[in-house]
Amino acid sequence: VESGRRQRQMVERVGQLGWPSSSIQVLGGDTGRSGSTLHGRDDYQVMLEAVLAGNAGVIAARELSRLVRDNQDWNQLVRFCRHQDVLLLDEQRVYDATNAQDRVVLGVAGAFNEFEIAMIIDRMLESQRQKAARGELYEGRFSPGYICRKQPLCEKHPDQRVQRAVMRVFDHFDRCVSVVQLHRELACEKFRLPVVPAGCDWRDIEWVAPTYDQLLDMLKHPIYAGIYVRGRKKTFTVLDQQGHVQKQRRRVPREQWQVFLEDHHESYIVQERWERNVEKISANARGGGAMKGTPQESPALLAGLLRCYRCGNIFHTQYPSGGVYYR
């Protein structure tokens, strides 16, 4: 809160330098957005457009280098201000981008700022990796059936009703051919899954109708086999068509998981059963496995199964009026 107040006090500092209040525009829409990329920072784009159009006289910020956390973008901003004769202002002094010495100071500030944020992120990530390697790092809500009453211990929920409900999902899946069938049958039986909402006490259980994604995640999650894992998803940095940096989260193969600790906590099922469940899901067409092309809901019961006797190619279905044809 105090940082925001200090930032807004820059209005008074600009006014002391001679700018009337009617000419001062406060841009606060990008608050809380990372300066490591220009993508999605609408107010920053407004500022750049004002500089390029010659409508800006001074850019004021409590820490100028925090406007852009990428050194290349920071140097570009200084370059624009230099050619458009726009001043830069922080809590300590006024910078003139047309002055060579001021440009050196601004360049050093931008380079140091980029180095500082990189070091902070590296320290944080390394601390996370070390904690995860010990099997003590948990983020967000636990999977249904597990709680953490005392850090870093992960344990089964002590309520026997919760444990029976979780085991019912796995036992029922043994009789199903897919997660879709499991979801439909549990929905017909009005089955309710015990969930502890994020931020609530472990005793505050909510019994909800499970979604398809919840059931799929339960069956594929190694936690139910007593395995602690980290890194099932990784963040990849890509550039969009405009050259803006974007980060995407993607699932990676098991051999690329960062941490895989067996016998980490009490399990609901054995590891072999978990692996069989994962293989069954992968083999299902909706999981994108080897049986892709198997029939789904359709009047054509032989879709994906009927093959030519001579060449072995799969027949394709057509749906003209009055029936279904294979060709």
Side-chain angles (χ1 to χ4, degrees), residues 1-127 235 237-248:
V1 176
E2 191 62 29
S3 176
R5 290 197 185 104
R6 290 177 60 187
Q7 189 80 303
R8 289 188 291 272
Q9 286 174 359
M10 294 301 296
V11 174
E12 300 177 3
R13 180 153 164 71
V14 174
Q16 293 172 358
L17 294 178
W19 272 272
S21 57
S22 59
S23 300
I24 301 174
Q25 183 177 0
V26 179
L27 302 177
D30 293 341
T31 302
R33 293 183 177 271
S34 171
S36 59
T37 175
L38 305 183
H39 184 66
R41 301 182 64 204
D42 296 334
D43 279 357
Y44 183 83
Q45 299 299 332
V46 171
M47 181 184 70
L48 282 185
E49 291 174 1
V51 172
L52 294 175
N55 298 327
V58 62
I59 296 175
R62 185 170 63 87
E63 295 181 39
L64 283 169
S65 57
R66 291 179 62 88
L67 288 173
V68 186
R69 306 307 290 266
D70 183 272
N71 197 33
Q72 181 177 356
D73 293 334
W74 168 247
N75 290 330
Q76 184 182 39
L77 174 62
V78 174
R79 176 173 172 269
F80 288 162
C81 292
R82 173 188 177 185
H83 293 293
Q84 295 298 104
D85 198 17
V86 177
L87 299 176
L88 294 159
L89 173 68
D90 61 15
E91 287 185 323
Q92 281 74 39
R93 57 173 293 183
V94 179
Y95 301 90
D96 184 358
T98 61
N99 184 281
Q101 291 185 348
D102 282 358
R103 288 201 305 275
V104 170
V105 174
L106 292 171
V108 171
F112 181 78
N113 180 67
E114 187 179 47
F115 172 77
E116 178 189 33
I117 191 64
M119 291 297 297
I120 292 174
I121 292 175
D122 287 344
R123 286 198 297 267
M124 292 173 60
L125 292 179
E126 183 58 31
S127 298
T235 302
T237 302
V238 297
L239 297 177
D240 61 12
Q241 295 180 350
Q242 289 75 35
H244 296 146
V245 176
Q246 289 185 334
K247 294 184 177 181
Q248 300 176 354

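The two residues Leu64 and Tyr95 come nearest to each other via the heavy atoms CD1-CD1, 3.8 Å. The minimum heavy-atom distance between Ile59 and Met47, with the atom names listed, is CG2-SD, 3.7 Å. Of all heavy-atom pairs spanning Asn75 and Gly107, the tightest one is OD1-CA, 4.4 Å. Here the closest non-hydrogen pair linking Gly15 and Ile24 is N-CD1, 4.0 Å.
For the salt bridge (charged side-chain N to carboxylate O under 4.0 Å, His left out) condition, the pairs that include at least one residue of residues 90-99, sequence neighbours left out, are Arg6-Glu91, Arg93-Asp102. Sorted pairs that involve residues 105-123 and meet salt bridge (charged side-chain N to carboxylate O under 4.0 Å, His left out), not counting sequence neighbours, are lacking altogether.
Take Glu126 and apply the side chain to side chain donor-acceptor pair (under 3.5 Å) test, not counting sequence neighbours, and it matches Arg129, Gln130. For the side chain to side chain donor-acceptor pair (under 3.5 Å) test, no residue two or more places apart in sequence or in another chain qualifies with Ser21. Considering only residues two or more places apart in sequence or on other chains, Ala111 meets the side-chain contact (heavy atoms from CB on, under 4.5 Å) condition with Asn71.
To the nearest 0.5 Å, atom CD1 of residue Ile117 and atom CD1 of residue Ile121 are 4.5 Å apart. Atoms CE and CZ, on Met119 and Phe112 in that order, are 10.5 Å from each other to the nearest 0.5 Å. In this structure, CZ in Arg13 is found 8.0 Å from CD in Gln92, a value given to the nearest 0.5 Å.
Considering only heavy atoms from C-beta on, Leu17 stays 4.5 Å or farther from Val58 through its side chain. In this structure, Val105 and Gln101 have side chains that are not in contact, with every pair of non-hydrogen atoms separated by 4.5 Å or more.
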*Should Leu48 and Gln76 be marked as a side chain to side chain contact (heavy atoms under 4.5 Å, CB included) after you check the CA-CA gap, both sets of side-chain angles, and the distance that decides it?*
CA-CA 10 Å; Leu48 282 185; Gln76 184 182 39; 5.6 Å; no
Which donor-acceptor pairs under 3.5 Å do the side chains of residues 78-87 make with protein atoms, sequence neighbours left out?
from	atom 1	to	atom 2	distance (Å)
Gln84	NE2	Val51	O	3.1
Gln84	NE2	Leu52	O	3.2

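Annotation for Gln248: atom CD counts as buried by contact number, over 12 foreign heavy atoms lying within 6.0 Å.
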